[in-house]
Amino acid sequence: MSVPGREVAPIRVALLGSGGSIGRQAVDVLIGLGPAVRVVAVATGRQADLLEAQARRLRPEVVALPGDPAAAARLDLPAGTRVEAGPDALVTLATRPDVDLVVVATGGTVSLLPILAALEAGKVVATANKETLVAGGHLVMPLARRLAGSVAARTPTDPLASPLAWLRPIDSEHSAIWQSLAGESPAGVARLILTASGGPFLDATPDELAAATPERALRHPTWSMGAKITIDSATLANKGLEVVEAHWLYDVGYDAIDVVIHPQSVVHSAVLFVDGSLKAQLGTPDMRLPIQYAVTYPSRYPSPAAPPDLLATARLDFRAPDPVRFPALRIARDAGRIGSRATTALIAADEVAVGRFLDGSLDFPGIARTLEAAVQRFGDGADQAPDVDELIALDADVRATYATGSPVR
Ligand SMILES: NC(=O)c1ccc[n+]([C@@H]2O[C@H](COP(=O)([O-])OP(=O)(O)OC[C@H]3O[C@@H](n4cnc5c(N)ncnc54)[C@H](OP(=O)(O)O)[C@@H]3O)[C@@H](O)[C@H]2O)c1
């Protein structure tokens with residue numbers, strides 16, 4: 001097997017969610033890496049034409065289109081590429097014996113089972129997806145720690161002796177923290193500092209927020225992303241999810257994770273160490289860089305992302321987030337403190353509320369109201385570490401409650 005981190009043979013990749021914003025950029029990165037990478041398996045939800053085009057470019061062994069079985073059966077694929085059908089297609093792709101690394105670019109929790117199965121099978125997982133960690137961090141991280149522990153027992157200095165080498169973050173903030181932590185001991189970490197652009201409504205009044213339209217909310221000032229995460233950036237729910245994600249990835253308590261608004265999106269996040277030293281990673285807002293770093297770690301290769309130009313940037317501004325106009329950040333942090341039932345309720349409600357905002361059946365402040373209501377109503381309970389089945393059932397309950405247009409309560 002070719003283990004990413006010891007590149008002697010091509011890294012063999014399965015890409016889940018190839019049709020989205022991250023997925024399409026991942027395809028470009030994987031092609032750009034040339035012979036260092038071999039893409040073995042590709043899946044997207046429903047975009048049959050795009051999947052056919054990607055299959056022609058990548059020549060994978062297998063593709064899957066789980067969101068449209070009829071279109072999957074009619075796919076026009078190059079010789080040597082076949083379709084994997086059935087409800088477990090993503091798990092099958094992620095656990096193939098010829099896959100070393102699984103790139104996860106799907107939204108929501110659709111990749112929870114494939115990620116768990118991939119780690120169980122000893123694959124490296126590089127994930128842009130944050131919802132899986134927010135809901136299932138208690139299930140995912142122990143597997144990454146177990147894999148790292150077995151390497152550390154043999155060769156403690158191996159790059160794969162760290163859980164982050166097995167569960168690699170692609171989210172730019174978490175990649176920045178990961179890169180800032182390189183060569184550091186966990187005992188030296190004092191605080192994590194996540195930066196946020198502040199989104200399109202950074203200086204909006206409460207009245208303007210109440211009247212915010214989807215069109216305006218989708219106009220992100222610095223990043224070009226999928227619709228769901230762009231709305232999450234506008235409410236700051238995205239930053240709240242990232243606080244929970246950081247808690248799981250870096251094993252740091254909620255009181256030691258700060259959020260700072262940084263409108264230029266040049267400083268992608270930072271780590272404060274116990275001696276007062278602050279390390280940050282800087283870059284242009286281009287996801288191709290963190291995608292590539294997660295694939296090639298610990299090596300660095302030239303990337304298509306333009307480097308930051310400090311002279312052109314000229315100034316870097318920082319300010320505190322406003323908890324009154326953007327309550328979703330506090331609601332997500334509170335949910336994280338309660339536990340994984342609460343965060344599962346949070347992300348299920350968020351997906352529904354964002355969908356309803358986009359279809360015009362919920363106003364912008366209604367997104368945060370829905371999150372608060374869902375965490376209060378469904379997040380309670382002694383068992384804050386649900387198993388996979390409980391988590392999936394809870395997710396479905398929350399969606400059914402808020403998707404119907406029922407009043408938020
Ligand atoms: N976009 C960014 O810059 C960015 C940055 C940091 C983190 N993230 C995170 O990355 C994840 C993806 O974000 P995105 O913006 O790329 O979302 P997106 O544009 O909505 O793409 C998600 C993709 O997942 C695919 N998908 C859905 N169900 C699937 C299934 N059952 N099997 C295979 N593929 C399936 C969809 O395929 P079809 O379109 O074919 O239906 C879609 O193309 C999210 O968790 C987000 O928070 C994104």
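In listed order, ligands and their atoms are each counted from 1.
At least one heavy atom of Val110 sits less than 4.0 Å from an atom of ligand 1. Residue contacts with ligand 1 do not include Lys228, since none of its heavy atoms lies under 4.0 Å from the ligand.
With hydrogens left out, the protein atom closest to atom 47 (O) of ligand 1 is Lys130 CE, 3.2 Å, a heavy atom. Taking atom 19 (O) of ligand 1 as the reference point, the nearest protein heavy-atom neighbour is Ser21 N, 3.0 Å. In terms of protein heavy-atom proximity, atom 39 (O) of ligand 1 is closest to Gln47 NE2, 2.6 Å. Atom 33 (C) of ligand 1 has Thr44 C, 3.4 Å as its closest protein atom, hydrogens excluded (heavy atom only). For atom 9 (C) of ligand 1, the nearest non-hydrogen atom of the protein is Ala128 O, 3.2 Å. For atom 3 (O) of ligand 1, the closest non-hydrogen atom of the protein is Met225 CG, 3.2 Å. For atom 7 (C) of ligand 1, the nearest protein heavy atom (residue, atom name, distance) is Asp171 OD1, 3.2 Å. Ranking protein heavy atoms by distance to atom 43 (O) of ligand 1, first place goes to Gly20 N, 2.8 Å.
Listed by number with element, the atoms of ligand 1 under 4.0 angstrom from any heavy atom of Glu131 are 44 (C), 45 (O). Atoms of ligand 1 found under 4.0 Å from any heavy atom of Met287 (numbered from 1 in listed order, with element): 3 (O), 5 (C), 6 (C).
Within the 4.0 Å heavy-atom criterion, neither part of Asp232 lies near ligand 1. With a 4.0 Å cut-off on non-hydrogen atoms, Ala105 touches ligand 1 through its backbone and not its side chain.
For Phe201 and Phe364, the ring centers are positioned less than 6.0 Å apart.
Between Val102 and the options Leu16, Leu15, Thr95, Thr127, a side chain to side chain contact (heavy atoms under 4.5 Å, CB included) holds for only Leu16.
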